[in-house]
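Just below is one structure, and these are the notes that go with it.
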Amino acid sequence: MALTDTSAWRALTAHRDTIQGRHLRELFADDAQRGQRFALEAVGVYFDYSKQRVTDETVRLLLALARERGLDEARQAMFAGDVINVTERRAALHVALRMPKGESIRVDGRDVVADVHGVLDRMAAFAAKVRSGKWLGHTGRPIRNIVNIGIGGSALGPVMAYRALRHYSPRELTFRFVSNMDPTDLAEAVRDLDAEETLFIVCSKTFGTLETLTNARAARAWCLARLGSERALPRHFVAVSSNAERVAQFGIDTANMFGFWDWVGGRYSMDSAIGLSTMVAIGPDGFADLLAGFHAMDTHFRDTPLERNLPALMGLLGVWNTNFLGAETVAVLPYSQYLSRFPAYLQQLTMESNGKSVVAGRAVAVNYQTGPIYWGEPGTDGQHSFYQLIHQGTHVIPCDFIGFCQALDPLGDQHDLLMSNLFAQTEALAFGKTHEQVLAEGVPEWQAPYRVFDGNRPTTTLLLERLTPHALGTLVALYEHSVYTQGVIWGIDSFDQWGVELGKALALRVAPELAGAGEPAAAHDSSTNALIRRYRQLKAGQA
Ligand code: G6Q
């Protein structure tokens, strides 16, 4: 049945009209316990959704929608290794990557959890060697610089996790991340590094991605020029991939390769061998703690009834905001400088997963909105730029505020000041400031309209004790499962990415034309032809 024909969807559509006219001020005034009743705690995450524009009835209807759309069965199917990635005909089993030793999930008769731990053990041995200075470069000097080369799912997780957990990494090791085809990325990453002490981790699930292979070739040339011998390379290059053949073809010894499997999607892979740089940074124990955080949230998602299930509720609130309150974006606002790349990481996770418009398995177009646009920056910086629009603009922008109760780098009362900003922002967004309040502050009548805040702007606050590897794992898994929840409601495949594949193919077609002269060889549209001509002309003038 089409989503919009379900009885729960219809009931929510009717219910929306009763909510439209209600203000959060009123909802809080009517229920002194609202702040506690619309909050949950699980796996160390305090999840306050009382400042969302919902009532008990909204939540009841959203839960009914989840049941009608088969979320209970869908979450079991994910953990059973069923083919939930229907357009690529495979399982999406990232939950197996963080299962403890001894548990088991079978794919085609094979225990994949045992395979996962086989790779984790090899990663741990390697990471320990690098960290202790026992992994030596070709000239006998210990490795001190780690450069991760990869893009998309093979980059965003590693760079986000490194920044997030930098507090726990030994400062004598330098980490760099190269992803962009722009040669500047590699040039700047290696500019001040000594090749004798540098190790490249080439991450590519397919080992066929143009950007990654191009950067890896350039890195190899950089190494060769400085170390003078092909024999040096095995000490300075390792690979992470699911394609051993291509790794060998590229010239990396497969003894120095860490594998993963086709049931791990790129954007769900930061806890696979793609996390090798993370493991070197925080150590095997730290990485185990990260995986334990993921696993704790997995278990919560799998076993907890929907009404107390954090990822399910988070996903459903997103559906409510997107499909019933007309929100088109979600702002992610971590009050932690360590989480500076978390919004970028979530952009891929959410938008590559749920940026779809065809119903999975039925091949018909959806007639409702699907994944919203995710964006964000750490607070308090964002407060001095784009928050203006969130407070007083014309768009509804639901926000996720993320904060920690303990500082990793305590400095006077700065952490309290940081968190007071978080709490104050959610309060201001919910309750706003009326015309009367503005006048009572002594603002002149003529200026008051500009200084009124309507409020009634929905936010969720995620409060955690401290930013640890475990906490990061729970946060990422929370978003992963909330994305899946939404995919199930919308009936789309959250695990394919045909839109990304298109870009990979198109660039290859244009590339030879940029090198040539005269008219572009292939007949593009008049705009593209003119751009290519102009590019060649100006490029010719380069010294
Ligand atoms: C992620 C996507 C995409 C992918 C990159 C890199 O889910 O599939 O971002 O991770 O295109 O692919 P490789 O790891 O194969 O180089």
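We're numbering straight along the sequence, starting at 1. When a ligand or atom number is given, it counts from 1 through the structure's own listing order.
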Is a donor from one side chain sitting under 3.5 angstrom from an acceptor on the other, for Thr304 and Asn309? no
Relative to the ring of Phe342, is the ring of Tyr479 parallel (under 30°), tilted (30 to 60°) or perpendicular (over 60°)? perpendicular
Determine the interplanar angle of the Phe79 and His481 rings, folded into 0 to 90°, and report it as parallel if under 30°, tilted if 30 to 60°, perpendicular if over 60°. tilted
Near ligand 1, which protein residues have a heavy atom under 4.0 Å away? Ile151, Gly152, Gly153, Ser154, Ser204, Lys205, Thr206, Thr209, Gly266, Arg267, Gln348, Glu352, Gln497, Lys504
So do Ser494 and Lys356 actually touch side chain to side chain, heavy atoms under 4.5 Å? no
Looking at Arg144 and Asp194, is any side-chain nitrogen of the basic one under 4.0 Å from a carboxylate oxygen of the acidic one? no
Which residue pairs pass the ring pair (Phe, Tyr, Trp, His ring centres under 6.0 Å) test when at least one of the two sits in residues 245-264, sequence neighbours left out? Phe126-Phe258, Phe207-Phe250, Trp261-Trp263
